[in-house]
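Hydrogens, waters and symmetry mates are skipped; everything else that's a heavy atom, side chains included, is used.
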Amino acid sequence: VDVVFLRHEPHDALLGNDLWTLVDEQAIDEQTRRQLSANGLRGGVVIGDVPAPLASRLAEAAAEPTLDAPGTLRVLQLLPGRRAEIVATTLRPDLIVLEHDGESVRGTTYHDASGVVAVRAWPAADGRMRIEAVPELKHGPSRRTWVGEGGAFRLETGQSSHRLDRLAVTVDLPPHGLLVIGCRPDAPSSVGEAILQERPADAVASRQLLVISPRAAAVDPQAARIGLHRAAEHLHERALSGAVLAEQGEHLPRLQLEID
């Protein structure tokens with residue numbers, strides 16, 4: 001799959017309400033949409049032509065071949081059903097999150113925390129792909145623990161993880177489809193802000209739009225010009241906004257890469 005982060009200011013109209021009028025949020029079931037909204041997130045799909053606001057930002061990102069560019073692209077080569085963790089935000093010493101469970105609101109302070117999106121994919125014979133994206137919060141010191149699986153044990157190293165399964169987004173996409181996930185501008189201290197907003201000490205806070213697309217089958221993955229590539233044909237592959245971690249891999253510093 002192709003994964004793109006587009007950074008933008010919190011009240012950027014082009015990647016805010018204007019964009020979401022062109023994204024099909026009804027592709028996600030109603031209960032999940034309500035849970036996402038209550039926790040400062042929204043998601044939907046784009047099938048067919050990429051909306052102009054999104055295409056223009058992808059083109060801008062293509063013109064800025066630096067790590068500080070407004071957009072970053074990475075190709076993830078995943079085995080069916082195996083997950084990769086995309087680190088969406090940098091480590092924060094103290095992160096306060098207000099989490100809605102549908103009936104009540106709970107506030108929690110996480111230490112040494114960062115936002116993560118766990119991605120899994122299942123390709124189908126007709127070229128479609130089922131994609132699952134689950135927000136998570138990694139926090140606390142890194143620990144080593146033994147985990148049993150398939151009659152064997154393996155040593156797992158990493159931070160504690162608060163996995164928000166009820167906010168999991170699962171969609172079936174054709175080869176040219178996009179899954180778009182963003183955070184709402186009116187939900188301070190929400191899960192969406194924790195997962196998709198950066199708050200650097202010496203700069204203005206920025207939000208991130210996460211775009212995931214199936215990659216067409218090809219001998220050379222660089223030759224597959226579909227989905228995200230249709231929006232910006234010359235969008236060069238660069239390092240991700242955060243690290244990409246293999247399933248149960250080390251919690252690596254940003255911009256390091258470990259692939260299954």
Side-chain angles (χ1 to χ4, degrees), residues 1-8 15 23 25 27-28 32-33 35-37 39-46 71-79 81-92 95 97 99 110 113-122 129-139 158-171 173 177-184 187 190-199 206-215 227-228 239-260:
V1 297
D2 289 339
V3 178
V4 169
F5 277 103
L6 288 177
R7 290 179 293 278
H8 62 96
L15 292 185
V23 175
E25 297 183 76
I28 298 173
T32 301
R33 292 201 310 272
Q35 288 282 351
L36 291 172
S37 179
N39 286 279
L41 286 162
R42 64 195 308 178
V45 304
V46 175
T72 54
L73 165 67
R74 175 62 67 184
V75 178
L76 302 186
Q77 298 185 16
L78 303 176
L79 293 176
R82 294 297 297 272
R83 63 185 238 134
E85 296 176 353
I86 307 167
V87 182
T89 57
T90 53
L91 198 72
R92 284 169 275 190
L95 178 63
V97 179
E99 185 180 336
Y110 297 94
S114 59
V116 169
V117 178
V119 177
R120 292 193 297 171
W122 296 267
M129 183 176 291
R130 173 162 293 181
I131 294 176
E132 176 194 74
V134 184
E136 298 184 8
L137 293 169
K138 295 287 187 179
H139 62 96
Q159 293 179 288
S160 297
S161 178
H162 179 44
R163 181 179 168 93
L164 297 158
D165 288 302
R166 70 176 177 280
L167 302 181
V169 175
T170 304
V171 296
L173 293 177
L178 308 178
L179 168 61
V180 181
I181 299 175
C183 57
R184 306 185 69 93
S190 65
V191 173
E193 188 175 275
I195 299 294
L196 292 173
Q197 177 166 293
E198 289 280 19
R199 286 187 173 275
S206 64
R207 296 183 186 274
Q208 300 185 106
L209 193 71
L210 174 61
V211 183
I212 304 174
S213 174
R215 173 165 279 268
L228 303 174
L240 239 171
S241 175
V244 179
L245 311 181
E247 182 180 20
Q248 310 298 350
E250 298 280 353
H251 191 74
L252 304 174
R254 288 168 67 82
L255 300 178
Q256 286 188 297
L257 180 66
E258 184 177 327
I259 294 291
D260 283 330

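- Contacts of His139 classified as side chain to side chain donor-acceptor pair (under 3.5 Å), with partners at least two apart in sequence or in another chain: none.
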Task: salt bridge (charged side-chain N to carboxylate O under 4.0 Å, His left out) between Arg42 and Glu25, worked out - done: CA-CA 8 Å; Arg42 64 195 308 178; Glu25 297 183 76; 2.9 Å; yes

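- Two residues are said to be in side-chain contact when any heavy atoms from C-beta on lie closer than 4.5 Å; Ile131 and Pro214 meet this criterion.
- In this structure, Leu164 CG and Glu99 CD are separated by 5.0 Å, a value rounded to the nearest 0.5 Å.
- By the side chain to side chain contact (heavy atoms under 4.5 Å, CB included) test, Arg120 pairs with Arg83, Trp122, Glu132, sequence neighbours left out.
- No side-chain heavy atom of Phe5 sits under 4.5 Å from any side-chain heavy atom of Leu209.
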Open item on the list: I'd like to know whether Val169 forms a side-chain contact (heavy atoms from CB on, under 4.5 Å) with Leu179, so could you lay out the CA-CA distance, the side-chain angles of the two residues, the decisive distance to 0.1 Å, and finally the verdict.
Closed with: CA-CA 9 Å; Val169 175; Leu179 168 61; 3.9 Å; yes

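- From Leu167, atom CG reaches atom CG of Asn39 across 5.0 Å, with rounding to the nearest 0.5 Å.
- Rounded to the nearest 0.5 angstrom, Leu196 CG and Gln208 CD are separated by 6.5 Å.
- Remark: Ser161 engages Glu136 in a side chain to side chain donor-acceptor pair (under 3.5 Å) (not counting sequence neighbours).
- Take Ser160 and apply the side chain to side chain donor-acceptor pair (under 3.5 Å) test, not counting sequence neighbours, and it matches no residue.
- Rounding to the nearest 0.5 angstrom, the gap separating the OG1 atom in Thr89 from the CG atom in Leu137 is 8.0 Å.
- Residues Ser114 and Lys138 have side chains in contact (heavy-atom distance under 4.5 Å, counting atoms from C-beta outward).
- We find the CG-CD1 distance between Leu36 and Ile181 to be 8.0 Å, quoted to the nearest 0.5 Å.
- Summarising the geometry, atom CG belonging to Leu41 is positioned 6.5 Å from atom OG belonging to Ser190; distances are rounded to the nearest 0.5 Å.
- Listed by chain and residue number, Asp186 satisfy the salt bridge (Lys or Arg N to Asp or Glu O under 4.0 Å) test with Arg184 (two or more places apart in sequence, or in another chain).
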